[in-house]
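In listed order, ligands and their atoms are each counted from 1. Being a predicted model, the structure only gives us computed values, none of them experimental.
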Amino acid sequence: MPWRDWIRTVEVEPSIYGADFARLGEQLEDLLRAECRVFHFDVGDGHFVDPITMGPIVLQSISPLIHGYGGVIDVHLMVDNPTKHFRAVAEAGGDSVTFHVEAVADVAATIRAAREQELQVGVAFNPETAPDHAAAVAGAADIVLCMGIHPGYSGQPFLEETFDRVEELRGLLPDETPIQVDGGVGPGNIRELRNRGATLFVAASAIFGREDLPRSYRRLVQDLT
Ligand code: DX5
Ligand code: ZN
């Protein structure tokens, strides 16, 4: 699968933030062998969100493995001033970059800056932000990310209002713009999120929090079919 096509498919994306970092390569390889090809990589700066998570140094260590299987890495920047990190993300092997509407003054200019680094671009918005605001500014983005939790930590409960937010967003965005959901996604809600119009599903605890990673991944994929 050429990496440019991943946003056009229905995908479950393991969120690496939930991994056991002492066994990171091994866990990624288990998922790659289970045919998983799209991985989500969370960068938190301790300002836009409370925790400091991981950054380009970790990305650089894992991108050859993922690219070696033909996979892609979707980088979610939960940071202030996202633009200043685009080049480092691209150089470390990120394939797409998603920034938050709440973190920038000019969404269109930020999208252009990501494209200058030959990255695909996502625009994310928090639970406090109205879907119509996100849809109005997302414009030329490749994907729009609707948070299912307050960004920052894995393992938080899913916010039920996300179903309606996804449905509202679907009605506002052009058909060709996929909706991604991140936070609290699992077997109990993935199908309903799909029914409401999302096609890209990020999951940390529902995959890495289980004993058998490939099985948890496959189960979420099956829930969608
Ligand atoms: C945190 C991150 C999410 C997180 C999801 O806000 O953006 O990607 O890893 O974790 P779960 O699936 O456990 O809610
Ligand atoms: Zn994320």
Trainee: I need the ND1(His76)-the Zn ion (ligand 2)-OD2(Asp182) angle, rounded to 10 degrees.
Mentor: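 So the angle at the metal works out to 90°.
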Trainee: Do Gln180 and Asp74 have side-chain atoms, one donor and one acceptor, less than 3.5 Å apart?
Mentor: yes
Trainee: Closest to the Zn ion (ligand 2), which N/O/S atom of Asp42 is it?
Mentor: OD1
Trainee: Tell me whether Asp175 at atom CG has more than 12 heavy atoms from other residues, nucleotides or ligands lying less than 6.0 Å away.
Mentor: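 Open.
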Trainee: Would Arg196 and Glu192 count as a salt bridge (Lys or Arg N to Asp or Glu O under 4.0 Å) here? Give the steps.
Mentor: CA-CA 6 Å; Arg196 300 293 191 106; Glu192 179 64 9; 2.8 Å; yes
Trainee: Using the rule side chain to side chain contact (heavy atoms under 4.5 Å, CB included), only one of Ile179, Val181, Asp132 pairs with Leu169; which is it?
Mentor: Ile179
Trainee: Sort out the contact shell of ligand 1: every protein residue with a heavy-atom distance below 4.0 Å, listed by chain and number.
Mentor: Ser15, Tyr17, His40, Asp42, His76, Met78, Met147, Ile149, Pro151, Gly152, Tyr153, Ser154, Gly155, Asp182, Gly183, Gly184, Val202, Ala203, Ala204, Ser205
Trainee: Please indicate whether Arg115 has more than 12 foreign heavy atoms, meaning atoms of other residues, nucleotides or ligands, lying under 6.0 Å from its CZ.
Mentor: yes
Trainee: Between Glu26 and Arg23, is the closest basic N to carboxylate O distance under 4.0 Å?
Mentor: yes
Trainee: Hydrophobic clusters join Ile, Leu, Val, Met, Phe, Trp and Tyr when side-chain heavy atoms are under 4.5 Å apart, directly or via other members; which others share one with Val49?
Mentor: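 When side chains under 4.5 Å apart are linked, the cluster holding Val49 also contains Phe48, Met78.
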